[in-house]
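Everything on this sheet refers to the single structure shown next.
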Amino acid sequence: MDNAGIAGIIREVGEYIQVDEGLSFRAKAYDRAAETIESLAEPLTETYARGGLVALLEIKGIGRGLGDALEEIITSGVSSLHEELKRALPIDLPALNSVQGLGPQKIRALYKELKVRNLEDLEKAAVGGKIRVLTGFGEKSEEKILRGVEFLKRGAGRMLLGDALPWGRSLEKELLKLKGVRKATLAGSARRRRETVGDLDMLVVADEAKPIMDYFIAMPDVEEILANGETKSAVRLKNGLQVDLRVVPAESYGAALNYFTGSRDHNIALRQIAQDKGLKLNEYGLFRGDVAIAGFTEEGIYAALELEFVPPELRENSGEVELARESGLPQLVGYSDLCGDLQVQTSWTDGVHSIDKMADAAMALGLEYIVVTDHTKRLAMMGGLDEKKIRLQMKEIDAVNARLVAAGKKFRVLKGSECDILKDGSLDLPDDVLAELDVVGVSIHSYFDLPRDKQTARVIKAITNPHADIFFHPTARKINARPACDFDMVAVLDAAAQAGTVMEVDAFPDRLDLSAEHIRMCVSRGVKIAIDSDAHDKAHFSVLEYGIAQARRGWARKEDVINAWPVEKMLSMLKGAQSYGK
DNA sequence: GCCGTTTTCGGCCCGACTGTTTTCAGTCG
């Protein structure tokens, strides 16, 4: 089981305990442990294989009780405590919890009083007017529950960052136009560049909050007003996205931005540090007694806590706070560090634009090279290239480069392929053709659900092929649409390190493959990564931003990212070294 | 349940908003 699966069980145990006995510190301990597990760089199964229970106990927040529970889950796949709790309280807790306004206490009351076990029961009880008569509930909460169920039935979940971030940016612009608004900043998980976001958090600096609130709740895209207070409001837009707005005075901007950016666990860690220093940190500032000693800027808050400034992408309380204390944070790859793009499709297969047009678009963005990587013949539906066609394409690339040189451009188009990995791990083009290419990417487009051992063997065979340079979108997942291929990532990365194969971070918003956790595994093993757009259209180069964000979330530095290097260095790394050891 | 340069007991982040209450519990972030 992977860390997300283990964390899921642990979190549910915490939730059942909350319903059972109220918000206890025991329940909190499980919840925090789940958060910790999700942000670990190493798979827990690896940790356990390496050092057993002792290694588990070294993780902060894991003590005797949780250690035993984790050991049981790792070795047997289930937690007897989890099973026991589910038997004692036979309700669909994850579903009920996802209804806005329903928490553990209300879920318990609904079960005890009305035997509500799932969303269907809940809806029936609400429609039947049975909820409003319960103590602690009323007409309004019944209506709210009904709206919450309706919303869930529409199937809206977390939105892709690639869809949400443009909304956030246009909201920033809208709010900035308002009179009296001095700053409008997108915070929350979108600022941390999580791959999906549950809502948008907008922070506004203005002397008077009321006019901003009035505008905000009356925007044409607003479908429902969820909250409307003096300094804080929340709405749901017609596209399903929830937007929270907070208005603060200028002297609190930094503190509020920090608080509103999160993550929750990062904030808790900071507040703990403040407390240890006899200070208090909240969204209005950092205080000694009643005196604010920081708050105007985020930088000021971190400095006053004697911490290095932590880039938003790292704020997950997964080791960054400790490193910030020692001024040991990594120098992350920057948003303008990429020199080239190593995965680009053209009209030779399923891309929209010609090699020329793609080159022009990349040049306009300041890149120095692209690698043309059209699909290969097994993908017949997309017009995948066979030996003959790809040799023709190489000739066209030579012609394009000649034109670029004649025009006095330094830009280069390199020859490549997105070569299909066949079921047995062999590649879709013969060796002699692959040998003529500058960059060979290999990727999975079929047999996504082979059993783990077969998939692992298939992948290792493909990426250790002497011609394979980069493993494109390694897990082949599509966020909210297709699960990741199941293979042993540790074994694959070890093989990649040995063979000198690079792992890709595909920047397309619904792929973002590898994940941040997997990127961190690469970085810690010295496996290099490439951040590619996977562009199928000249407009798609803009998605590189999301790939860079993902790499930063995976703690990648410039030296870890081969297309942040000059082209010659990148090519000599791919073609020269057999392994990273040299 | 976890944790420890004021430690092995007694703490555990902090505040806004809502709805149902007569001062606050529950939820959310």
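Just so it is clear: chains get the letters A, B, ... in the order the sequence lines come, proteins before strands, and each one is counted from 1.
Residue A:R64 places its side chain closer to B:dC2 than to any other of B:dC2, B:dC12, B:dT27. When distances are taken from the side chain of A:L66 to each of B:dC2, B:dC13, B:dT27, the shortest belongs to B:dC2. Listed candidates were B:dC17, B:dG1, B:dC14. Nearest to the side chain of A:E230 is B:dC17. In this structure, the nucleotide among B:dC2, B:dT20, B:dC28 sitting nearest to the side chain of A:K140 is B:dT20. Closest to the side chain of A:R26, from the set B:dG26, B:dG1, B:dC12, is B:dG1. Checked against B:dT27, B:dC13, B:dT18, the side chain of A:R271 finds its nearest nucleotide in B:dC13. Here B:dA16 is the nucleotide among B:dC13, B:dA16, B:dG1 with the atom lying nearest to any side-chain atom of A:E283. Of the candidates B:dG19, B:dG29, B:dG15, the closest approach to any side-chain atom of A:N282 belongs to B:dG15.
The stretch residues 244-258 of chain A touches DNA chain B through A:D244, A:R246, each having a heavy atom within less than 4.0 Å of the strand.
Residues A:F508 and A:H540 place their aromatic rings such that the two centres sit under 6.0 Å apart.
B:dC17 and B:dT22: their P atoms are spaced 22 Å apart (whole Å). Rounded to whole Å, the separation between the C1' atoms of B:dT18 and B:dT23 comes to 15 Å. Spacing of C1' atoms, B:dC13 relative to B:dG29, comes out at 12 Å, to the nearest Å. Comparing B:dT27 with B:dT20, their P atoms are spaced 13 Å from each other, to the whole Å. B:dT8 and B:dC12 have their C1' atoms separated by 16 Å, with the value rounded to a whole Å. If you take atom C1' in B:dT21 and the same atom in B:dG26, they sit 12 Å apart, rounded to whole Å.
With a 6.0 Å cutoff to the six-membered ring centre and a 45° limit on the axis angle, A:R315 counts as a cation-pi contact of A:F309. A cation-pi arrangement is found for A:K183 relative to A:Y253, the charged atom lying closer than 6.0 Å to the ring centre and inside a 45° cone about the ring normal.
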Report all side-chain donor-acceptor pairs from residues 288-297 of chain A shorter than 3.5 Å, counting only partners two or more places apart or in another chain.
{"residue": "A:T297", "atom": "OG1", "partner": "A:G300", "partner atom": "N", "Å": "2.9"}

For residues 108-116 of chain A, which side-chain N or O atoms pair as donor and acceptor with protein atoms under 3.5 Å away, sequence neighbours left out?
{"residue": "A:R108", "atom": "NE", "partner": "A:V19", "partner atom": "O", "Å": "3.4"}
{"residue": "A:R108", "atom": "NH1", "partner": "A:D20", "partner atom": "O", "Å": "3.1"}
{"residue": "A:R108", "atom": "NH2", "partner": "A:Q105", "partner atom": "OE1", "Å": "2.7"}

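Residue A:R192 contributes atom CZ, which lies 11 Å from atom C1' of B:dG29 at whole-angstrom precision. We find that NZ of A:K232 is positioned 9 Å from P of B:dT18, with the value rounded to whole Å. Distance A:R32 CZ to B:dG11 C1': 13 Å, rounded to the nearest Å. Put simply, CD1 on A:I145 is 14 Å from P on B:dG26, counting in whole angstrom units. Whole-Å rounding puts the A:L226 CG to B:dA16 P distance at 19 Å. When the C1' atom of B:dC2 is taken as reference, atom CD1 of A:I37 falls 13 Å away, rounded to whole Å. Note: CG (A:L57) to C1' (B:dC3) measures 13 Å, nearest angstrom. We find that CZ of A:F287 is positioned 15 Å from C1' of B:dC13, with the value rounded to whole Å.
Within the 4.0 angstrom heavy-atom criterion, only backbone atoms of the sugar-phosphate kind lie near A:L281; the bases stay farther away. Within 4.0 Å (heavy atoms only), A:K60 reaches sugar-phosphate atoms of the nucleic acid but no base atom. Here A:S233 lies out of heavy-atom contact (under 4.0 Å) with every strand. Within 4.0 Å of A:Y259, counting heavy atoms only, lies at least one base atom of the nucleic acid.
With the nearest nucleotide of DNA chain B identified for both A:I59 and A:G101, A:I59 has the one nearer the 5' end. Toward the 5′ end of DNA chain B lies the nearest nucleotide of A:K28, the other residue of the pair A:K28 and A:T135 mapping further downstream.
In this structure, A:R520 does not pair ionically with A:E42, as no charged nitrogen and carboxylate oxygen lie closer than 4.0 Å. Residues A:K144 and A:E224 are not paired through a salt bridge, judged by the lack of any N-O separation under 4.0 Å between the basic side chain and the carboxylate.
With both pairing distances under 3.5 Å, B:dG11 is matched to B:dC2 as a Watson-Crick or G-U wobble pair.
Under 3.5 Å, the side chain of A:Y284 and the base of B:dG15 form no donor-acceptor pair of N or O atoms.
When atom types are taken as modelled, the side chain of A:E72 and the backbone of A:S80 share a donor-acceptor pair closer than 3.5 angstrom.
The aromatic ring of A:F25 does not stack onto the base of B:dC2, failing the criterion of a centre distance under 5.5 Å from the six-membered base ring together with planes under 30° apart.
Of the candidates A:R552, A:R194, A:R193, A:E313 forms a salt bridge (Lys or Arg N to Asp or Glu O under 4.0 Å) with just one, namely A:R552.
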